[in-house]
Amino acid sequence: MARDYTLHRKPTGPASGIDYRAELNDEQFGAVTSSPGRALVIAGAGSGKTRTLTYRVAYLLDQGIDARHILLLTFTNKAAREMTERVRSLVPHDVSALWSGTFHSIGNRILRRHAEELGFTKSFSILDTDDQKSLLASVVGSMAIDTKVRRFPKADVLVSMFSLERNTGEALKDILAVRYPYFDSWQREIHEVRDAYARRKQETNSMDFDDLLLKTLELFRDHPDILALYQQRFRHLLVDEYQDTNSVQSELIDLLAAGGSSVMAVGDDAQSIYSWRGADMGNILSFPKRHDGCRVFKIETNYRSVPEILELSNAAIRANRSRFEKDLRSSREVLGVKPALVPLEDPSAQAQFVAQRILELRDEGVPLEEMAVLYRAHFQSLEIQMELTSRGIPFAITSGLRFFEQAHIKDVAAFLRLVTNRRDEMSFKRILQLMPGIGNKGAEKLWSEWRKSGAATAEEAPDWPAALALKGVPKKAAKMWEQLGYILAEMTPGGSFARPGDMIYSVLEGMYDDHLKASYDNYENRRSDIEQLMAYASQFEDILEFLSQLSLLGGADGEPGGKREEQDTEKITLSSIHQAKGLEWKAVFLVWLADGAFPNGRIIEADDEAMMEEERRLFYVALTRAKDELYLSYPLINPKSYSGEVIQRPSRFLDDFPKEMVEEWNVSPRWGDSWEVDEPF
DNA sequence: TTATCCGCTACGAAG
DNA sequence: TAGCGGATAA
């Protein structure tokens with residue numbers, strides 16, 4: 001017989017004194033102050049979703065809930081950071097015990113604590129897409145598959161196949177049949193590659209991004225005692241962007257909630273744009289069914305956009321068949337200016353138009369911070385970047401290549417990964433291939449020597465220079481090889497780990513700086529990137545935490561360091577629509593609205609209704625980012641298309657709303673001068 | 001086996 | 001235009 005006993009912890013702080021009634025509208029108030037239990041909040045674009053969630057956290061704290069009982073899950077690091085900050089500024093409570101983060105980062109946190117139960121050590125490495133590709137290439141290479149006779153899927157295709165399988169829970173066989181019929185004849189081999197890949201990850205003590213979710217789920221399923229631990233701890237679960245959860249994420253929540261915790265899931269079906277990584281709108285639709293006594297709150301007042309923009313958005317999304325009927329009402333006054341529809345001759349004219357209009361808006365008093373250029377895919381920002389640069393307009397771009405995915409950053413990180421996880425095959429080989437005379441094959445050989453030597457799996461820290469006495473080191477590499485021993489020894493003084501920042505210093509000065517000078521023409525840039533990384537690293541005491549952050553933080557919102565002076569200067573934002581989700585600006589330029597660019601050509605070809613509807617939701621997300629002014633533009637000709645000069649059709653999404661909702665601008669060039677914009681009135 | 005050069009192709013979104 | 005795979009030189 002167990003006895004229930006309650007531990008009364010001292011309250012984490014005084015009441016916040018927030019007047020919830022006054023600071024929230026009725027719809028928000030209802031959700032924020034709802035009693036514990038299960039709740040689904042359907043919150044339209046711009047309706048104060050973040051506000052609702054952060055006030056909910058504040059409300060829970062005010063009710064005397066211990067911060068450590070709250071788990072706040074988001075999809076992006078930026079959202080996590082923003083919410084934590086807003087909560088911090090809202091309440092006087094100490095919230096350091098509150099867990100908030102992306103699903104992946106929370107998974108990582110849990111897995112580090114219990115890695116042993118799954119046959120890993122807590123210093124497991126995290127493989128990014130790049131590492132996954134190399135590992136898969138190595139797996140395929142070792143399997144004697146004759147890729148010459150018939151085309152075998154390339155590593156990046158394999159990555160998406162396996163990822164889709166794991167994130168949707170569908171069988172690989174079915175995924176192949178439906179999405180990759182042309183590889184169906186390789187079915188047996190693909191399954192073998194998948195299994196060998198899983199074994200290699202285990203052997204090398206590494207997890208990929210999908211593992212961070214799936215292994216957490218596995219941990220909970222196979223270890224009821226551990227699950228119970230977290231069920232007890234997290235009495236209040238809050239999930240942002242619930243419509244974008246995939247089967248693994250939704251199951252994780254359901255499992256955690258099964259112990260009787262409260263759950264508040266917030267989302268908007270019209271903004272579900274991640275099905276390509278397994279997101280399933282069905283999760284939000286069936287949420288009330290899966291959770292007993294679930295209450296549904298709808299928040300439909302839009303505070304963001306003027307009626308002209310909101311009506312256009314509503315009309316655009318209405319073209320989708322599968323959606324909840326929902327009409328957002330704008331709380332704002334009619335502005336009297338319609339969104340602009342701007343056809344332009346070609347991409348460079350489009351870039352010039354955007355740049356010129358940005359300057360005009362700034363003269364009218366709109367700060368650069370309040371403007372954004374959005375596009376479907378990163379490469380579509382190229383001309384605009386060049387134009388802004390040449391006109392001296394400062395911009396911040398959420399770049400396609402993340403900071404930590406650049407080769408030189410990954411090279412340096414490989415050293416740190418290797419000292420924390422000596423079974424890290426990818427890092428070991430990566431370091432070796434920096435040396436002259438060692439390529440793919442050489443690295444492979446030395447890796448197996450290294451494994452044979454036993455140092456890879458030894459319990460205690462190796463004497464590095466001695467441990468590296470391996471057979472088969474080419475003469476050309478001998479000098480650097482010796483140097484490597486010293487560097488690794490320096491990184492692990494007395495068998496413990498040096499500080500992350502010092503480790504990077506050792507790598508840079510001990511060896512990598514020479515490599516940079518020898519291999520790249522932009523040595524200075526790369527060196528300063530690494531110095532930036534060093535500065536960022538010195539905020540960390542714990543090497544494992546630093547490496548986790550490096551893998552989990554996108555350069556998009558977490559560019560390490562970020563030059564301080566630059567942060568003060570006013571900048572306009574360039575961003576993909578996916579990354580713009582949840583953000584807002586006074587003026588938004590949505591560019592490249594041409595069929596084939598947006599909607600994306602592959603989706604047009606696929607001729608799949610569901611995919612097209614998701615694309616349209618993406619369009620909707622873009623439109624609803626704008627508060628006051630919206631410019632929809634497209635180039636008529638694409639001269640840089642690889643099939644030569646191509647005349648483009650305007651995006652089919654532009655047909656989804658009546659022409660009267662926009663004002664068409666005729667832009668004509670004036671030569672020898674800047675472009676002139678003829679406004680109809 | 002590695003390093004380099006050259007022609008050909010494809011150009012999606014994120015943790 | 002970069003990023004590759006294949007061919008060739010070292």
Side-chain angles (χ1 to χ4, degrees), chain A residues 73-80 101-108 126-133 137 147-148 151 154-156 159-160 163 167 207-214 241 244 246 248-249 272-279 347 374-383 386 398-402 404-405 407 432-433 435-446 472 474 476-477 518-519 548-558 575-581 592 596-606 611 614-615 617-619 621-622 638 640-643 646:
Chain A
L73 288 162
T74 62
F75 273 78
T76 64
N77 294 297
K78 184 187 253 167
T102 61
F103 279 90
H104 290 88
S105 76
I106 298 293
N108 173 60
I126 297 176
L127 304 178
D128 67 17
T129 316
D130 226 50
D131 301 321
Q132 282 184 283
K133 276 196 235 167
T147 57
K148 292 235 169 63
R151 268 187 118 64
K154 293 205 193 104
D156 54 339
V159 168
S160 30
S163 184
N167 284 310
M207 296 199 196
D208 59 31
F209 284 131
D210 296 333
D211 286 325
L212 295 180
L213 304 179
L214 263 152
E241 309 278 17
D244 281 328
N246 63 30
V248 185
Q249 291 160 326
S272 170
I273 52 175
Y274 282 98
S275 75
W276 45 272
R277 63 173 205 203
L374 306 182
Y375 35 81
R376 170 73 237 253
H378 281 294
F379 70 86
Q380 295 168 342
S381 68
L382 235 141
E383 289 91 357
M386 294 192 308
T398 59
S399 100
L401 227 210
R402 295 177 207 191
F404 72 85
E405 277 176 352
L432 264 51
Q433 291 193 48
M435 304 190 184
I438 302 181
N440 209 332
K441 298 274 161 139
E444 195 79 47
K445 271 206 195 99
L446 284 160
K476 273 198 263 182
S519 318
S548 296
Q549 287 297 309
L550 205 57
S551 304
L552 295 169
L553 273 191
D557 47 41
S575 171
S576 71
I577 302 171
H578 279 91
Q579 288 188 334
K581 191 174 179 191
W592 275 102
F598 191 17
N600 181 283
R602 294 186 191 183
I603 285 163
I604 298 174
E605 275 169 47
M611 283 167 82
E614 169 146 330
E615 199 77 351
R617 287 195 292 272
L618 193 59
F619 181 56
V621 168
N638 183 5
K640 277 211 313 218
S641 163
Y642 52 90
S643 43
V646 158

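A donor and an acceptor atom sit less than 3.5 Å apart, one in the side chain of A:Thr129 and one in the base of B:dG15. Counting distance only, with no hydrogens placed and no angle test, the side-chain atoms of A:Asp128 and the base atoms of B:dG15 include no donor-acceptor pair under 3.5 Å.
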Which nucleotides of nucleotides 4-9 of chain B have their base under 4.0 Å from a protein heavy atom (B), which only their sugar-phosphate (S), and which neither (-), written as one string 5' to 3'? ------
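When the C1' atom of C:dC4 is taken as reference, atom CG of A:Asp130 falls 14 Å away, rounded to whole Å. Rounded to an integer number of Å, the gap from CG of A:Asp211 to P of B:dA14 is 21 Å. Atom P of nucleotide C:dA10 and atom NZ of A:Lys476 are separated by 13 Å, given to the nearest angstrom. In this structure, the CG atom of A:Asn440 is 15 Å from the C1' atom of C:dG6, given to the nearest Å. Summarising the geometry, the separation between CD1 on A:Ile603 and C1' on B:dC11 is reported as 14 Å, rounded to the nearest angstrom.
Every residue two or more places apart in sequence or in another chain that forms a side-chain contact (heavy atoms from CB on, under 4.5 Å) with A:Thr102 is listed here: A:Thr74, A:Asn77, A:His104, A:Ser105.
Positionally, the nearest nucleotide of DNA chain B for A:Gly439 lies more toward the 5' end than for the other of A:Glu615 and A:Gly439. Closest-nucleotide positions on DNA chain B for A:Ser105 and A:Lys445 were compared, and the one nearer the 5' end corresponds to A:Lys445.
You'll find that the side chain of A:Arg277 is closest to B:dG15, out of B:dA13, B:dT1, B:dG15. Side-chain atoms of A:Lys441 lie closest to B:dT1 of the nucleotides B:dT1, B:dC11, B:dG15.
Between A:Glu444 and A:Lys441 there is no salt bridge, since none of the side-chain N atoms of the basic residue sits less than 4.0 Å from a carboxylate O of the acidic one.
Within the 4.0 angstrom heavy-atom criterion, no nucleotide atom of any strand lies near A:Gly601. Nucleic acid contact class of A:Phe75 (heavy atoms, under 4.0 Å, all strands): sugar-phosphate only.
When every heavy atom of A:Lys133 is checked against every heavy atom of A:Val159, the shortest pair comes out as CG-CG2, 4.0 Å. The two residues A:Ala477 and A:Met435 make their nearest non-hydrogen contact at CB-CB, 4.0 Å.
For B:dA14, the base is not stacked against the aromatic ring of A:Tyr274, per a cut-off of 5.5 Å between centres and 30° between planes.
With A:Gln249 contributing its side chain and A:Asn246 its backbone, the two residues share a donor-acceptor pair below 3.5 Å. Counting only distance, with no hydrogens or angles, the side chain of A:Trp592 and the backbone of A:Gln380 share a donor-acceptor pair below 3.5 Å.
Spacing of P atoms, C:dC4 relative to B:dA13, comes out at 16 Å, to the nearest Å.
The aromatic rings of A:Phe598 and A:Phe619 sit perpendicular to each other, their planes meeting at more than 60°, with 30° as the lower class boundary.
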